[in-house]
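Chain naming here is simple, since letters A, B, ... match the order of the sequence lines and numbering starts at 1 in each.
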Protein chains: 2
Amino acid sequence: MSNLEEIAKLSGFSKATVSRVLNKSRHVSPETREKVLRVIREMDYVPNRNAVSLSKGKTLQIGMITADISEIILPFMTSFVEAAAEHGFQTIIYTSNLDKQRELQAFEDLKQKRVDGLLIITSVNDLSVISAYGKYGPIVSWQRMERPDIPSVAMDQYDGYALAVQHLLSCGVTRIANAFGRPESLNTQRRIQAYEDLMAAHGLEVRRDWYFKSAYHLTDGQNVVHRMLGLGEEPQAIICANDYVAAGVLSEARRLGWDVPNELRIVSFDNMQIASTLGLTSVQNPIRNQAYNAFALLSPGLLKQPLPLKPLEFGLVVRETT
Amino acid sequence: MSNLEEIAKLSGFSKATVSRVLNKSRHVSPETREKVLRVIREMDYVPNRNAVSLSKGKTLQIGMITADISEIILPFMTSFVEAAAEHGFQTIIYTSNLDKQRELQAFEDLKQKRVDGLLIITSVNDLSVISAYGKYGPIVSWQRMERPDIPSVAMDQYDGYALAVQHLLSCGVTRIANAFGRPESLNTQRRIQAYEDLMAAHGLEVRRDWYFKSAYHLTDGQNVVHRMLGLGEEPQAIICANDYVAAGVLSEARRLGWDVPNELRIVSFDNMQIASTLGLTSVQNPIRNQAYNAFALLSPGLLKQPLPLKPLEFGLVVRETT
DNA sequence: CTGAAAGCGCTAACAA
DNA sequence: TTGTTAGCGCTTTCAG
């Protein structure tokens with residue numbers, strides 16, 4: 001492998017000049033630049049990025065932290081990788097498998113300057129531990145953080161859930177069940193709040209006995225259907241934590257002869273591919289914008305020119321299930 | 001940020017000794033080690049990885065090349081990230097979006113020593129281009145490569161498909177349709193070969209008019225059902241390129257009143273979560289072992305002690321659809 | 001516009 | 001066992 005010095009010798013200039021050519025500095029005469037470039041091409045030379053990183057103190061790499069790579073986070077992940085790539089940054093995956101120690105490696109890598117910044121998709125370490133690493137580089141989170149020093153692109157799920165509830169009410173439905181996700185999460189709490197506020201505002205009964213929790217997957221949705229059947233009085237509609245849960249509800253309900261949407265309306269969250277495939281009415285997060293914003297929130301620490309944020313708004317895509 | 005030199009000064013030893021402590025060299029007296037470690041802890045020191053990488057000429061990073069991050073490759077991806085992490089290697093994602101130039105960045109990064117090795121999941125560049133980078137570091141591929149210089153962990157799909165066909169024949173079925181994936185791919189060709197060989201061997205008719213191609217997603221499976229209905233004579237069974245296609249076939253067939261498995265048996269490939277959820281009989285690739293082997297194939301260029309390969313065998317998981 | 005030289009922070013061969 | 005001293009390959013003042 002050839003290096004800077006070799007190119008310098010062969011072209012008859014100094015390392016400094018070659019470096020300037022490489023970095024597109026304006027302080028190089030066109031002829032010099034041309035000569036140097038010719039040698040570079042001839043030698044098939046490329047700069048060693050470790051040397052560049054060491055010298056510059058930047059790696060143009062961003063770490064992405066998650067428990068695992070699941071379908072749920074896929075759209076966000078790919079959008080982020082995309083957004084980062086647009087600005088010349090690469091993305092390294094850190095999967096923790098819920099192991100605190102393993103996750104910590106990502107933060108250590110920020111400290112060790114292996115990455116210039118960190119995106120937390122999901123994290124298992126304590127917030128105090130995490131924010132202690134803030135001084136080593138920018139950190140941003142997807143999930144809402146209870147600490148103000150870690151910015152987040154999370155959206156207030158209240159607004160999205162309100163959209164879903166409003167829609168059902170406007171369909172004339174009054175008995176609404178809910179299949180929530182992680183019970184302790186702030187997102188779930190905001191969703192509950194939205195449901196209860198709107199029901200109360202319309203003078204309708206809040207059915208806490210129709211809260212199903214920890215629903216994440218297709219199978220969870222199927223189970224929910226069976227539990228609804230044993231309820232005596234049956235709900236007219238259900239709002240599901242995500243499209244997979246809703247898919248489970250839909251397939252199982254239909255299999256048991258339930259008429260969707262006439263006897264049971266279904267609204268889900270995320271509006272992923274499967275929602276359009278199965279005809280699910282779904283609340284859409286602006287995931288691409290969220291991912292873009294995640295990078296934008298990191299950008300002050302990465303680029304000379306920070307990126308502006310894009311607006312984040314929920315949308316409702318109405319399909320056959322309502 | 002403190003550095004080696006600072007630790008050396010504070011502990012009263014040389015940089016070399018501190019470096020030895022860091023690298024767990026045996027040629028350091030216990031007392032010295034203890035003293036140095038104390039200072040390291042006190043100063044909250046960690047070595048700069050760029051400097052280490054530059055000096056050692058290794059980064060402990062592996063690039064993973066794919067067109068996009070889709071559900072199809074997820075299990076393989078996560079398994080690989082896992083396998084690499086077990087040996088201290090991190091994984092960088094390179095998504096090409098089918099853009100040759102963008103994909104080339106990954107290969108340039110191998111040349112620039114940003115990564116020590118490369119895993120190709122899917123690639124859009126010409127093989128001749130790719131193998132030209134072989135001299136810069138180890139490259140391994142998931143998909144089968146037509147060139148011997150790029151090793152691959154792809155399995156001969158002939159064997160897996162044979163398993164599926166055999167199973168259907170043993171169910172007493174003789175009229176079998178097939179929903180294949182990418183028509184030009186070697187995998188598809190091997191699958192076709194297996195089907196045709198086995199049918200011929202049993203003196204049964206090979207139904208090329210029942211080949212459906214380019215089936216990848218749930219929706220493709222649904223379409224296949226409709227096309228099967230217009231066939232005049234109907235197949236008794238269908239083998240699908242993957243679980244999603246099979247899921248589409250299953251749901252649409254049932255929706256149209258087809259009795260699965262009695263009137264239509266379905267076998268799919270990959271045996272992913274959805275297969276068990278929906279009760280699909282599915283052929284299982286040993287994905288974890290494939291991912292492990294991918295790293296093992298890279299390992300001669302990465303580790304002093306190359307890793308042994310694990311055996312790769314297809315398996316058939318029989319469920320309700322047959 | 002160009003060059004010399006001092007870093008960036010760590011490793012490793014060679015001495016002692 | 002420990003220290004000295006070149007590197008690793010590039011960037012960036014500072015002079016000229």
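Judged by closest nucleotide on DNA chain D, B/Arg20 is the one of B/Arg20 and B/Ser55 placed further toward the 5' end. For the pair B/Thr17 and B/Lys113, nearest-nucleotide mapping onto DNA chain D gives the more 5' position to B/Thr17.
The A/Ala51 side chain lies nearest to D/dC10 when the options are D/dC10, C/dT2, C/dG9. Of all nucleotides listed (C/dC10, D/dT4, D/dT1), D/dT4 comes nearest to the side chain of B/Ser14. Nearest to the side-chain atoms of B/Pro47 among the listed nucleotides D/dT11, C/dC1, C/dC10 stands C/dC10. Side-chain proximity of B/Asn3 to the nucleotides C/dT2, C/dA4, C/dC10 is greatest for C/dC10.
We find that NZ of A/Lys56 is positioned 12 Å from P of D/dT13, with the value rounded to whole Å. In this structure, the NZ atom of A/Lys58 is 15 Å from the P atom of D/dT11, given to the nearest Å. Between the CD atom of B/Gln112 and the P atom of D/dC10 there is a distance of 10 Å, rounded to whole Å. Regarding A/Arg49, its CZ atom lies at a distance of 22 Å from the P atom of C/dC8, rounded to whole Å. Following rounding to the nearest Å, A/Lys9 (NZ) and D/dC10 (C1') show an atom-to-atom distance of 15 Å. Between the P atom of C/dC8 and the CD atom of B/Glu5 lies a distance of 9 Å, rounded to the nearest Å. Between the NE2 atom of B/His27 and the P atom of D/dG3 there is a distance of 15 Å, rounded to whole Å. When the P atom of C/dT2 is taken as reference, atom CD of A/Glu34 falls 13 Å away, rounded to whole Å.
The six-membered or imidazole ring of A/Tyr292 lies away from that of A/Phe80, with a centre-to-centre distance of 6.0 Å or more.
Side chain to side chain, A/Thr59 and B/Arg49 fail the donor-acceptor criterion of an N or O pair below 3.5 Å. No side-chain donor from either of A/Gln143 and A/Thr122 sits under 3.5 Å from a side-chain acceptor of the other.
Within the 4.5 Å cutoff, side-chain heavy atoms of A/Val18 are placed close to those of A/Ser11.
B/Arg33 comes within contact range of no nucleotide atom at all, as no heavy-atom separation falls under 4.0 Å. Nucleic acid contact for B/Asn50: none, since no nucleic acid atom lies under 4.0 Å from a heavy atom of the residue. Across all strands shown, B/Thr32 has heavy atoms under 4.0 Å from sugar-phosphate atoms exclusively, and none from any base. Residue A/Ser19 is in base contact, counting any heavy-atom pair closer than 4.0 Å across all strands shown.
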Next on the checklist: For a side chain to side chain donor-acceptor pair (under 3.5 Å) check, start with the C-alpha distance between A/Arg102 and A/Thr95, then their side-chain angles and the critical distance, and finish with the verdict.
Outcome noted: CA-CA 8 Å; A/Arg102 245 186 84 181; A/Thr95 52; 2.9 Å; yes

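Residue A/Ser29 places at least one side-chain N or O under 4.0 Å from the OP1 or OP2 atom of C/dT2.
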